[in-house]
Amino acid sequence: MKTFLITVLLTVSPALAHELARDGNVGALMHIEPDDAPAVGKANGVYFELNQKGGRPIALSQCSCTLSVYAGSVKAGVKPLLTPKLVQAKNELTSTLTFTRPGAYTLVLAGSPKPGATFTPFKLVWTVRADVGGGGGMDMGH
């Protein structure tokens with residue numbers, strides 16, 4: 001029985017790496033390449049499936065969205081290391097991040113509705129761990 005349980009957990013664990021964050025009536029599933037294990041010194045694609053409550057996608061054309069990346073945790077008065085441009089790709093907002101050294105980074109996706117959009121302003125937060133060669137992954141507790 002233990003072997004079966006371990007096999008199931010190892011098989012399912014990559015799917016668990018995609019982390020959901022919510023604020024108000026907005027939520028997003030974040031995925032970072034490669035395999036939710038960002039690598040230091042390499043371009044890492046990051047993808048956000050941004051949705052309003054009820055599963056309605058939020059497009060960049062409806063949102064004044066910004067992505068900010070901080071070394072470690074977000075601290076008052078500290079500016080982000082990166083504020084990469086977001087682009088729309090199908091039903092996702094995407095960007096590319098290059099982490100300069102191993103360690104934890106905090107990603108903050110914030111947005112407010114453009115005229116005609118019906119979602120509330122939001123601030124979504126994820127913590128990722130970059131490693132040399134990848135393999136860092138995401139911290140599930142934010």
Side-chain angles (χ1 to χ4, degrees), residues 2 4-142:
K2 276 187 182 179
F4 174 74
L5 183 57
I6 290 170
T7 302
V8 168
L9 289 174
L10 289 175
T11 304
V12 173
S13 63
L16 298 176
H18 291 61
E19 189 176 358
L20 178 67
R22 288 188 293 204
D23 184 17
N25 71 341
V26 175
L29 187 66
M30 192 268 292
H31 169 68
I32 192 165
E33 288 290 336
D35 299 320
D36 290 317
V40 172
K42 297 180 181 175
N44 299 276
V46 63
Y47 309 88
F48 301 95
E49 287 184 37
L50 188 61
N51 290 294
Q52 190 171 344
K53 189 174 183 177
R56 290 182 302 231
I58 298 172
L60 202 51
S61 62
Q62 302 170 306
C63 182
S64 294
C65 292
T66 58
L67 176 61
S68 301
V69 180
Y70 298 85
S73 59
V74 178
K75 295 180 179 80
V78 175
K79 291 186 178 187
L81 288 174
L82 304 168
T83 52
K85 181 180 179 180
L86 289 164
V87 295
Q88 185 77 45
K90 297 184 183 178
N91 286 333
E92 298 177 324
L93 304 184
T94 69
S95 191
T96 303
L97 308 176
T98 302
F99 300 101
T100 56
R101 43 179 210 251
Y105 292 83
T106 301
L107 280 58
V108 178
L109 179 63
S112 58
K114 289 184 177 177
T118 58
F119 62 90
T120 57
F122 63 89
K123 182 177 174 183
L124 307 171
V125 180
W126 295 269
T127 302
V128 298
R129 187 166 300 281
D131 200 358
V132 176
M138 285 187 247
D139 292 336
M140 291 311 210
H142 31 222

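Nothing fancy with the numbering, it's 1 onward along the sequence.
Atom NZ of Lys114 is surrounded by more than 12 heavy atoms from other residues, nucleotides or ligands within 6.0 Å.
Side-chain atoms of Gln88 come within 3.5 Å of backbone N or O of Leu60 as a donor-acceptor pair. A distance-only check finds no donor-acceptor pair linking the side chain of Asn91 to the backbone of Glu49 [under 3.5 Å]. Of the possible donor and acceptor atoms, none in the side chain of Asn25 sits under 3.5 Å from a partner among the backbone N and O of Phe119. For Ser95 (side chain) and Lys85 (main-chain N/O), a donor-acceptor pair under 3.5 Å exists by modelled atom type.
Using a 30° and 60° split on the angle between ring planes, Tyr105 and Phe99 fall in the tilted class, from 30° to 60°.
Taking every heavy atom of both residues into account, Tyr70 and Lys79 meet most closely at CE2-C, 3.9 Å. The two residues Ala130 and Arg101 make their nearest non-hydrogen contact at CB-O, 4.4 Å. When all heavy atoms of Ala89 and Thr94 are compared, the pair lying nearest together is CB-CG2, 3.9 Å.
Atom CD1 of Ile32 is separated from atom CZ of Phe48 by 8.0 Å, given to the nearest 0.5 angstrom. Expressed to the nearest 0.5 Å, how far CG of Asp36 lies from CD of Glu19 amounts to 9.5 Å. Interatomic distance, OG1 of Thr118 versus NZ of Lys53, reported as 12.5 Å (0.5 Å rounding). The distance from atom CD of Gln52 to atom CD of Gln62, rounded to the nearest 0.5 Å, is 8.0 Å. With rounding to the nearest 0.5 Å, the separation of CG in Leu20 from CG in Leu124 is 8.5 Å.
Counting heavy atoms from C-beta outward, Pro113 and Pro121 have side chains that approach closer than 4.5 Å. With a 4.5 Å cut-off on side-chain heavy atoms, Leu97 and Leu107 count as touching. Thr120 places none of its side-chain heavy atoms less than 4.5 Å from the side chain of Phe122. Within the 4.5 Å cutoff, the side chain of Leu86 has heavy atoms near those of the Leu109 side chain. Taking the side chain as every heavy atom from C-beta outward, Pro80 and Val69 never approach each other to under 4.5 Å. Residues Asn44 and Pro34 meet the side-chain proximity criterion, which asks for heavy atoms closer than 4.5 Å.
For the side chain to side chain contact (heavy atoms under 4.5 Å, CB included) with Leu93, the lone residue among Ile58, Leu67, Leu50 that qualifies is Leu50.
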